[in-house]
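Report on the structure given below.
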Amino acid sequence: MTVHHTHTDERIDEQRTSTDASAAEAHHNNRHGAATTARQWQVLSQLQRNRWVGTTHIYEQLKLAGFDISLRTVQRDLNALSKRFPIEKNNANPQGWRWRDDAPLHSLPHMNLSQAVAFNMVEANLTQLLPPVILDELFPWFDLARRQLKNSKVTHSWIDRVRIEPATQPLIAPHIDLESKDNLYHALFYQLQVKACYTRSNKNEASEYTLNPIAIIQRGVIIYLLATRTDDPEAIIRTFALHRFDSVEILESPAQTPEDFQLDTYLEAGSMGFSHPLFGELPERGKNTAIELQFTKQAGKSLTESKLSDDQVVTVNDDDTLTIKATVNLTSQLVWWLRGFGSGLLDAHPELLYRAVLDNSANNATDNKPD
């Protein structure tokens, strides 16, 4: 049987061919457009507000990020972007670009490598101290920073060469109930009271308290909450270790902060150093006390570089020892630190301080440890 194609069939075939070609061209254009957008987005991310960035530098950064382009392409991108974004160029040779001074912050669509490094270090070192309401907003930026740094050999080299090491024996942080921690941070951020089940260091069972959160302090690997108890008429500021909270309920009642409380003043007074029972005999429990320490020259050398106080005075003695005078708070932390010098510490005044350093009895316990 002979099949006769009509003109209508031929037109349909032509239309199909034309449609397929258009679709293929549209797909190619979409891919090309997406690649251009990604590249230009990366170009904008390299620009800064207060410093001219050269086109060659931008070109090199894009090459590190995996873009196979020419310097001329970068120059064309910048000229095209200047028509839509508040960026400007200078008349130098080689040419530089930057965000205009009046560019609104929301015009900055990305982060440059320096900003990505900063966010990466914030995530590594400060997330334990940030409240959930802020962390929720920062997580996309942390993710953006990780992706920005992923293909950058330069910044990876920096990150691989920078660390924060504790000055004391490193310890593994104790487990903290995450819901309790989140609720405490939320209450502190919005200044609300909490009802908490808390196990004190000298107890085996938890007690229930209603607390006024005041501040969060990280000391070593331990995170502490400063708070007052509502059942305490004197409103004494107490220290609570976060890992000892079993549960925390946020209340609607506003937290009461002691009048004129300043966290820096509180810390400068040595309150987180924990007082030593022997120093209870001294005025104000040993705060702002003039001390005199005698070291072997080798043991005391570090204190000639890092001072104990602003008023510290170092004297080199004829017998090749060092005498160091300073004004400090007498705390258990100071006692523990001085013990670390061993036989390198030859003497200390007031005499009560030296006695505390040499005393290894049960009196070494602090009398205001965290509740």
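Residue numbers start at 1 and run along the sequence shown.
- Annotation: side chain of Leu71 is in contact with side chain of Gln75 (closest heavy-atom distance under 4.5 Å).
- In this structure, the separation between CG on Asp246 and CD on Glu208 is 11.5 Å, given to the nearest 0.5 Å.
- In this structure the side chain of Asp264 never reaches within 4.5 angstrom of the side chain of Gln262, judged on heavy atoms.
- Not one N or O on the side chain of Thr210 forms a donor-acceptor pair closer than 3.5 Å with the backbone of Thr230.
- Applying the salt bridge (Lys or Arg N to Asp or Glu O under 4.0 Å) test to Glu88 and every residue at least two apart in sequence or in another chain returns Arg98.
- At a threshold of 4.5 Å between non-hydrogen side-chain atoms, the residues Asn183 and Val194 do not count as touching.
- The cluster map of Ile, Leu, Val, Met, Phe, Trp and Tyr, joined by side-chain heavy atoms under 4.5 Å apart, puts Leu346 and Val314 in different clusters.
- Of all the heavy atoms in Asn212 and Pro254, the pair that sits closest is OD1-O, 4.4 Å.
- Annotation: side chain of Arg219 is in contact with side chain of Gln333 (closest heavy-atom distance under 4.5 Å).
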- prompt: Does the side-chain contact (heavy atoms from CB on, under 4.5 Å) test come out yes or no for Leu242 and Ile216, once each step is laid out?
  reply: CA-CA 9 Å; Leu242 258 63; Ile216 289 288; 4.2 Å; yes
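- When the side-chain contact (heavy atoms from CB on, under 4.5 Å) test is applied to Phe189, the partners found at least two apart in sequence or on another chain are Pro131, Val133, Ile134.
- Grouping the Ile, Leu, Val, Met, Phe, Trp and Tyr side chains by contacts below 4.5 angstrom, directly or via other members, places Trp52 apart from Leu78.
- Every residue meeting the ring pair (Phe, Tyr, Trp, His ring centres under 6.0 Å) condition with Phe295, not counting sequence neighbours, appears here in chain and number order: Phe341.
- Using a 4.5 Å cut-off on side-chain heavy atoms (C-beta onward), Leu211 and Arg229 make contact.
- Taking a 6.0 Å sphere around CD of Glu179, one finds it holds 12 or fewer heavy atoms contributed by other residues, nucleotides or ligands.
- Counted by atom type alone, Gln294 and Thr321 present one or more donor-acceptor pairs between their side chains at under 3.5 Å.
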- request: Might you work through the side-chain contact (heavy atoms from CB on, under 4.5 Å) test for Trp337 and Leu308, ending with a clear yes or no?
  value: CA-CA 12 Å; Trp337 177 73; Leu308 272 172; 3.8 Å; yes
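- For the pair Gln128/Lys181, a side-chain contact is recorded, criterion being any heavy-atom separation below 4.5 Å from C-beta on.
- In this structure Glu351 satisfies the salt bridge (Lys or Arg N to Asp or Glu O under 4.0 Å) test together with Arg355, sequence neighbours excluded.
- Side-chain contact of Gln95 with Thr55: a donor-acceptor pair under 3.5 Å is absent, judged by distance alone.
- The aromatic rings of Tyr198 and Phe240 lie perpendicular to each other, with more than 60° between the two planes, well past the 30° mark.
- In this structure a side-chain-to-backbone donor-acceptor pair under 3.5 Å is present from Asn329 to Asn288.
- The two residues Val53 and Gln46 have their closest heavy-atom pair at CG2-O, 3.7 Å.
- Linking ILVMFWY side-chain heavy atoms closer than 4.5 Å, directly or via other members, places Phe261 and Ile217 in a single hydrophobic cluster.
- Pro350 and Ile291 get closest at one heavy-atom pair: CD-CG2, 4.0 Å.
- Nearest heavy atoms, Pro213 versus Gln193: CD-CA, 4.2 Å.
- Without hydrogens or angle criteria, Arg238 side chain to Ala227 main chain gives no donor-acceptor distance under 3.5 Å.
- Asn120 and Ala145 get closest at one heavy-atom pair: N-CB, 4.4 Å.
- With sequence neighbours excluded, no residue forms a ring pair (Phe, Tyr, Trp, His ring centres under 6.0 Å) with Tyr185.
- A distance of 8.5 Å separates CG of Leu303 from CG of Leu322, quoted to the nearest 0.5 Å.
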query: How far apart are the C-alpha atoms of Leu338 and Leu353, what are their side-chain angles, what is the distance that settles it, and do they pass the side-chain contact (heavy atoms from CB on, under 4.5 Å) test?
result: CA-CA 10 Å; Leu338 288 174; Leu353 172 60; 4.1 Å; yes
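- Between the side chain of Asp311 and the backbone N or O of Thr327, at least one donor-acceptor pair lies under 3.5 Å.
- With Arg39 as the partner, the side-chain hydrogen bond (donor to acceptor under 3.5 Å, both in side chains) test is satisfied by one option alone out of Asp68, Asp77, Thr73: Asp77.
- Shown here are the side-chain contact (heavy atoms from CB on, under 4.5 Å) partners of Ala215, two or more places apart in sequence or in another chain: Leu226, Leu263.
- Pro258 and Ile214 make their closest contact through CD-CD1, 3.5 Å (heavy atoms, listed as atom of the first residue, atom of the second, distance).
- With contacts defined as side-chain heavy-atom distances shorter than 4.5 Å, the pair Leu251/Glu249 qualifies.
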message: Show, in sequence, the C-alpha distance, side-chain angles and deciding distance for Leu225 and Phe245, and conclude whether the side-chain contact (heavy atoms from CB on, under 4.5 Å) test is met.
response: CA-CA 10 Å; Leu225 170 74; Phe245 282 95; 3.9 Å; yes
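- Classified by interplanar angle (parallel below 30°, tilted 30° to 60°, perpendicular above 60°), the ring pair Phe142/Phe119 is perpendicular.
- Here the side chain of Gln218 pairs a donor or acceptor atom with the backbone of Gly220 at under 3.5 angstrom.
- Between atom OG of residue Ser45 and atom CG of residue Leu62 there is a gap of 7.5 Å, rounded to the nearest 0.5 Å.
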